[in-house]
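Shown next, in structure tokens, is the structure this report addresses.
Chain letters run A, B, ... following the sequence lines, proteins first, then strands; residues in each count from 1. Treat the numbers as computed from the prediction; the structure is a model and nothing was measured. Side chains included, hydrogens not; waters and symmetry mates left out as well; all remaining heavy atoms used.
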There are 2 protein chains.
Amino acid sequence: MKKISMKDIAQELNTSITTVSFVINGKSAEMGISPATEKKVRDLIKKRGFNPNSAARMLRTGKSKTIGLIVEDIGNYFFGNIAKIIEVEANKNGYSVFFSSTENNDDTARQLINKMRNSSVDGYIITATQGIREEILKLKKENVPFVLIDRLIPDVETNYVILDNYSGSYNLTRHLIDNGYQKIGFISIFSEMSMMTEREKGFQQAMTDAKLTVPAKSILKVNFSDSEEKIIKTITRYVKANPQLDALFFATNYLGVMGIDALQKCKLTIPTDIAVVSFDDNDLFRLLSPSITVAAQPIKEIAIQSIELLLKVIKKEQKQSMTVGEIIKPEIIIRESSPKIKK
Amino acid sequence: MKKISMKDIAQELNTSITTVSFVINGKSAEMGISPATEKKVRDLIKKRGFNPNSAARMLRTGKSKTIGLIVEDIGNYFFGNIAKIIEVEANKNGYSVFFSSTENNDDTARQLINKMRNSSVDGYIITATQGIREEILKLKKENVPFVLIDRLIPDVETNYVILDNYSGSYNLTRHLIDNGYQKIGFISIFSEMSMMTEREKGFQQAMTDAKLTVPAKSILKVNFSDSEEKIIKTITRYVKANPQLDALFFATNYLGVMGIDALQKCKLTIPTDIAVVSFDDNDLFRLLSPSITVAAQPIKEIAIQSIELLLKVIKKEQKQSMTVGEIIKPEIIIRESSPKIKK
DNA sequence: TAAACTATTGGAATCGGTTACACAAAATGC
DNA sequence: GCATTTTGTGTAACCGATTCCAATAGTTTA
């Protein structure tokens, strides 16, 4: 059974392809198609189950009704759920979503952007990696619609939706301090990305404001690309080398997860031996016993803001050059891992 | 700056579009393009950064080099990671991936299949919902390549990659029995899907083989579509109503997660008050204290088998009519939640 | 030397829509 | 009653790659 085309429809109705096209694209009124003709066409289309060939349409119009979603890791709780919401919203607006994970690798990210470029996506939602400055600038120069989420490229003006990492981190640290913790260890990854540097700044500022000092040795940075075991070992060593600490601040949720593992290996109990807070929520932190205090990212809000912003840019309501940013405030969720300290 | 096309390349080299096309598609030898010409073309292509327009190619060939991935919930640990691996493997083979979540809703699933059909994906990987029998039959009849994963449609022969739910469940139950548990509660969802019925059968058979009876009241079924709170309440009630139970078998990982929550609410300690095992692994089960014994799905294996099978079908090495199924054995991971019982 | 090949390359139809433009018929104006 | 505008529909160029079918030049064979 051959696929049916507009031509077939037109022939069967003894009308022209133009007429059919106008009807399909809802331009009947604008182009002055008589209601009778329009009905005839619509009925046959339904009867035959005709669907316009997207390749042909795409070739002619240059629009694919497709957006590219580039995240760090679709298998991750945060990005997986972001993806889900973006996909639903995109669908509502007639768009499909291509997705890909960068694994935080610059080359992968570069390839993905180019690859999607070739399959002519109409716009991107991207979680940038550190080294793709050039690619982002190129997209901007060529006026391709895109929105950065979760992290920015330093000194590059773009549309974005990010978390207020600084204030989240500040408030989370503040919560610890208010509960009596003073020797707080900060565990993060080596990274120049704004999201990470802002978190550190927030932590430092909260400590400074409370007139607390942060000795260099109580800050640990690990390599993102190291294996889980290696990171756990590193954290274990760090914890053992810093028995004075009364609380730990993990800068990301996966660090928090690995950190809890490390603390168990050190036979330390949360929160009696040491309190724990983490940036980013996930199922584990909520259900663990004790549950973990976190600065949570409002996933739904981030996802919806980013797809809405992108669609605006695509529809040109929002010129690419007029950059707009949404800064989402994290929510501090206080759980059992950081109770008031008893002096 | 206008996009450059094959025509531009051909013109600049004073050659024909045909020649350029042959070179691009690696048919130089076959079509007898001289090495000199080939090099000339390749060099200019690289220099100009030319990429063939996928819409045009798609229109002409009818192939989109795209596969559709339809899962239950991309935000879920299992499917998120499946998606990630499938995407990487697809990419290696020159394919892009469209994805969508059904949320286990028949209508959504139907729409997604049709939608992808229109954007002419070359093949599907689908986690079926219960009510899409007709759609699957239609795909089959029209000879569209697809592979079902995670669950089958009863009495419909298709290519598939699923878990051996029966044996996983049998072995997991067996593990409990071997460790001395006899009054085992089974908590599942209302579902006719083979994956769920097989799990129950495996459980029942293991019990029967051990000459243990399963009273009706020790089996609980909840509604998948109910809210998390409601399910947790239901489980709580069930646990309180069945104090005789010495172990709980959760048939899915999200039930396990909610169940642990419920047990905490009942002030019951795992495993001293009651042992716990669950189908499907996740981070939580591994890191929880005590950690939870599970029948784990080998995610990587499932993902790779399914994409490989689909690509085979697409390449016609594997006719759609010659259905092939891969049955993956789950791995029983014994952790702290199900120790040997002391009499 | 003409015929028959072979090795390369080019011309042009084609895929299925979109849309500028042309054109006919009907309506309106003067 | 003729010119002009409005209304409705058809024609055909075009998007950019693929591929069948020639075509040309150079070689070999009879």
Using a cut-off of less than 4.0 Å, is there contact between a side-chain N or O of [X] and OP1 or OP2 of [N]?
| X | N | answer |
| --- | --- | --- |
| A:T61 | C:dG17 | no |
| B:T15 | C:dG10 | yes |
| B:S5 | D:dG16 | no |
| B:N25 | D:dT18 | yes |

Roughly, in whole Å, what's the span from [atom1] in [X] to [atom2] in [N]?
| X | N | atom1 | atom2 | value |
| --- | --- | --- | --- | --- |
| A:K7 | C:dG17 | NZ | P | 10 Å |
| A:D8 | C:dG17 | CG | P | 9 Å |
| B:I17 | D:dT19 | CD1 | C1' | 12 Å |
| A:I4 | C:dC15 | CD1 | C1' | 16 Å |
| A:M6 | D:dC15 | CE | C1' | 14 Å |
| B:K65 | D:dA17 | NZ | P | 17 Å |
| B:I24 | D:dA17 | CD1 | P | 7 Å |
| A:K40 | D:dG8 | NZ | P | 14 Å |

A:T18 (side chain) and D:dT11 (base): donor-acceptor pair under 3.5 Å |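 Pair found.
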
Return yes if a side-chain donor-acceptor contact under 3.5 Å exists between [X] and [Y], otherwise no.
| X | Y | answer |
| --- | --- | --- |
| B:T102 | B:E72 | no |
| B:N91 | A:K115 | yes |
| A:D122 | A:S64 | yes |

Would you mind classifying the nucleic acid contact of [X] as base, sugar-phosphate or nothing, using non-hydrogen atoms under 4.0 angstrom?
| X | result |
| --- | --- |
| B:R57 | sugar-phosphate |
| B:T37 | sugar-phosphate |
| A:K27 | sugar-phosphate |

Would you confirm whether the ring centroid of B:F98 sits within less than 6.0 angstrom of the ring centroid of A:F98?
->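 Here the rings of B:F98 and A:F98 have centres that are less than 6.0 Å from each other.
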
When you get a sec, tell me which of D:dC14, C:dC15, C:dT19 is the closest nucleotide to the side chain of B:R60?
->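 Minimum distance to the B:R60 side chain belongs to C:dC15.
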
Taking for each residue the nucleotide of DNA chain D with the nearest heavy atom, is it B:A55 or B:T19 whose nucleotide lies nearer the 5' end?
->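 It is B:A55 whose nearest nucleotide is closer to the 5' end.
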
Please answer whether the main-chain N or O of A:V147 pairs with a side-chain N or O of A:N159 as donor and acceptor at a distance below 3.5 Å.
->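 No, because the side chain of A:N159 does not come within donor-acceptor range (under 3.5 Å) of the backbone of A:V147.
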
